[in-house]
Amino acid sequence: MKADILKIREDFPILSQYIHNKKLVYFDNAATTQKPRIVFDTITEFYSKYNANIHRGIHFLSNYTTDATEKSRKTIQQFINAEKSEEIIFTRGTTEAINLVAFSFGESFIKENDEIIVSEMEHHSNIVPWQMLCERKNAKLKVLPFNEIGELETEQLNGLISDRTKLIAVTHVSNALGTINPVEDIIKIAHAKNIPVLIDGAQAIQHLKVDVQKMDCDFYVFSGHKIYGPTGIGVLYGKKELLNKMPPYQGGGEMISTVSFAKTTYNELPYKFEAGTPNYIDAIALGKAIEYLNCIGLEKINKYESELLKYATEQLKQIDGLRIIGEAKNKSSVISFNMEGIHPSDLGTLLDHMGIAIRTGTHCAEPVMQHFGITGTARVSFAFYNTLEEIDILTISIKKALTMLK
Ligand code: PLP
């Protein structure tokens with residue numbers, strides 16, 4: 001992989017830019033990843049040659065684009081090993097996918113005094129839709145805590161579950177801590193009590209091999225833009241049996257079978273959940289991003305990113321006053337940290353002027369910050385196009401920033 005990296009970087013033109021007259025070092029991959037040329041070439045190609053609204057046409061362009069959208073659905077199905085392509089629903093992203101489930105599953109299955117369990121390390125996207133559902137239904141949200149190194153206290157799960165628990169929603173990988181959660185264990189515990197589980201895969205899908213059948217999750221959600229695809233497109237995977245029992249999320253074109261003022265009937269999966277003109281060109285480009293990843297190979301990517309994580313952790317730990325927040329044994333390529341006496345945003349601003357893009361703040365995970373009694377962290381997050389040399393630039397630049405800030 002190391003030998004291929006320069007060639008791989010050529011596929012990402014944005015990476016060769018200079019920002020503030022410094023070669024860009026992009027370490028904000030957990031917020032969004034950069035796109036390989038094939039993704040935006042596909043978007044340009046479709047808008048310039050093939051664009052026509054899908055599903056409803058009888059003409060060449062409409063059929064061509066419809067086929068390309070369905071091909072992308074198949075690519076995604078195979079990528080996560082879903083049993084059926086109709087279990088793949090296009091959404092705007094992780095957030096919309098979770099809202100869809102919270103609304104639709106909530107309509108069918110959540111009643112007064114029922115309980116939903118989330119973890120303490122969730123992104124707001126996997127907290128707030130459940131809180132809104134609980135408010136609507138007068139149900140209760142329970143929280144599975146994590147320990148001081150940022151690992152979920154899975155042994156407490158059985159104690160939290162009651163005969164009123166109707167759903168468990170947890171993140172596969174924490175965006176604020178980098179922890180890879182033991183989702184298969186959680187699913188086994190939940191399924192022993194017939195409780196379905198939603199896995200937020202926003203920070204996992206681009207790093208780990210996901211097999212939804214092996215994992216046996218009931219729902220798996222992710223965003224296209226975090227897996228080198230476009231913004232505004234994402235995926236909800238759901239088991240067909242469950243999705244069939246859930247009502248549509250939005251009403252409109254394409255989600256119907258027949259409409260009359262007396263009675264409307266709904267379309268079959270996946271269209272029942274894709275009301276209106278979908279974001280089909282970005283869906284097609286997402287398929288291309290996944291084909292690109294498949295060509296490199298997720299195993300190779302995972303191995304290389306683990307090296308980046310290990311090296312960066314060792315280097316950062318040598319900096320005086322730097323404290324890593326989240327030191328789980330099983331981590332993905334995210335490092336959150338704080339510097340004694342220095343506000344993360346001051347550090348982030350100085351690094352920006354040195355050409356290094358990192359993220360600072362709460363990372364939409366305020367309960368994680370509350371757990372540690374902090375207001376935010378600085379976060380670096382890696383992708384397979386990053387290099388060990390860039391990590392050296394980061395460490396040197398942090399040291400330089402410290403001399404300026406102290
Ligand atoms: N869940 C996790 C773990 C995330 O990291 C994010 C985004 O950072 C989201 C959900 C929300 O993703 P999006 O904003 O693409 O819907």
Side-chain angles (χ1 to χ4, degrees), residues 26-35 39 76 89-103 118-132 143-144 146 150-152 168-183 186 197-208 210 217 219-237 249 278-279 282-283 285-286 289-290 305 325-326 328 330-336 357-369 371 376-383:
Y26 186 76
F27 281 156
D28 195 16
N29 295 286
T32 201
T33 52
Q34 301 302 347
K35 320 304 171 201
V39 168
I76 295 163
I89 291 155
F90 287 120
T91 64
R92 280 197 297 127
T94 305
T95 303
E96 190 181 49
I98 296 172
N99 276 278
L100 188 162
V101 177
F103 177 84
V118 296
S119 92
E120 192 187 6
M121 67 169 76
E122 298 309 312
H123 186 280
H124 298 163
S125 290
N126 203 25
I127 299 174
V128 184
W130 306 115
Q131 285 177 323
M132 290 161 71
V143 182
L144 178 67
F146 64 80
E151 290 175 343
L152 281 184
I168 297 175
V170 283
T171 194
H172 196 168
V173 170
S174 158
N175 68 313
L177 301 168
T179 312
I180 302 175
N181 286 320
V183 288
I186 292 170
V197 181
L198 177 143
I199 303 295
D200 173 352
Q203 296 294 343
I205 193 77
Q206 63 281 51
H207 301 297
L208 311 171
V210 170
C217 54
F219 303 104
Y220 196 93
V221 297
F222 63 91
S223 300
H225 70 97
K226 294 196 197 272
I227 184 171
Y228 311 100
T231 52
I233 188 76
V235 170
L236 162 65
Y237 156 80
Y249 168 52
N279 185 2
D282 288 325
L286 172 58
I290 289 176
E305 288 178 345
I325 311 287
N330 202 7
K331 266 186 79 168
S332 178
S333 50
V334 167
I335 306 177
S336 260
I358 69 161
R359 191 143 294 244
T360 61
T362 64
H363 318 295
C364 292
E366 287 184 20
V368 171
M369 304 303 135
H371 179 111
T377 72
R379 181 186 74 184
V380 291
S381 50
F382 310 116

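Just so you know, ligand 1 is whichever comes first in the structure, and atom 1 is the first atom listed for that ligand.
Interatomic distance, CG of L177 versus NZ of K331, reported as 7.5 Å (0.5 Å rounding). We find the CD1-CD1 distance between I127 and I98 to be 10.0 Å, quoted to the nearest 0.5 Å. The distance from atom OG of S333 to atom NE2 of H207, rounded to the nearest 0.5 Å, is 4.0 Å.
Taking the six-membered ring for Trp and the full ring otherwise, the centers of F219 and Y237 sit at least 6.0 Å from each other.
Looking only at side-chain heavy atoms (C-beta outward), N279 and R92 stay at 4.5 Å or farther from each other.
Any N or O atom pair closer than 3.5 Å counts here, and E96 shares no such pair with ligand 1. The shortest N/O to N/O separation between S125 and ligand 1 does not fall below 3.5 Å. Here's the thing with T171: none of its N/O atoms is less than 3.5 angstrom from an N/O atom of ligand 1.
Within the listing of ligand 1, atoms 10 (C), 12 (O), 16 (O) sit less than 4.0 angstrom from a heavy atom of T94. For ligand 1, the atoms sitting less than 4.0 Å from at least one non-hydrogen atom of S223 are 12 (O), 13 (P), 15 (O), 16 (O), numbered in the order shown with element in parentheses. Counting atoms of ligand 1 from 1 in the listed order, those under 4.0 Å from a heavy atom of N175 are 5 (O).
Of the heavy atoms in T95, both backbone and side-chain atoms come closer than 4.0 Å to ligand 1.
Residue contacts with ligand 1: D200 is included, with a non-hydrogen atom under 4.0 Å away.
Taking all heavy atoms of Q203, H225, K226, H124 into account, the minimum distance to atom 8 (O) of ligand 1 is reached by K226.
Using the six-membered ring where Trp is involved, H371 and F146 have ring planes that are parallel, under 30° apart on the 30 and 60° scheme.
Taking all atoms of both residues into account, the shortest heavy-atom contact from S332 to Q203 is OG-O, 4.3 Å.
Nearest to atom 4 (C) of ligand 1 among the protein's heavy atoms is H123 CD2, 3.3 Å.
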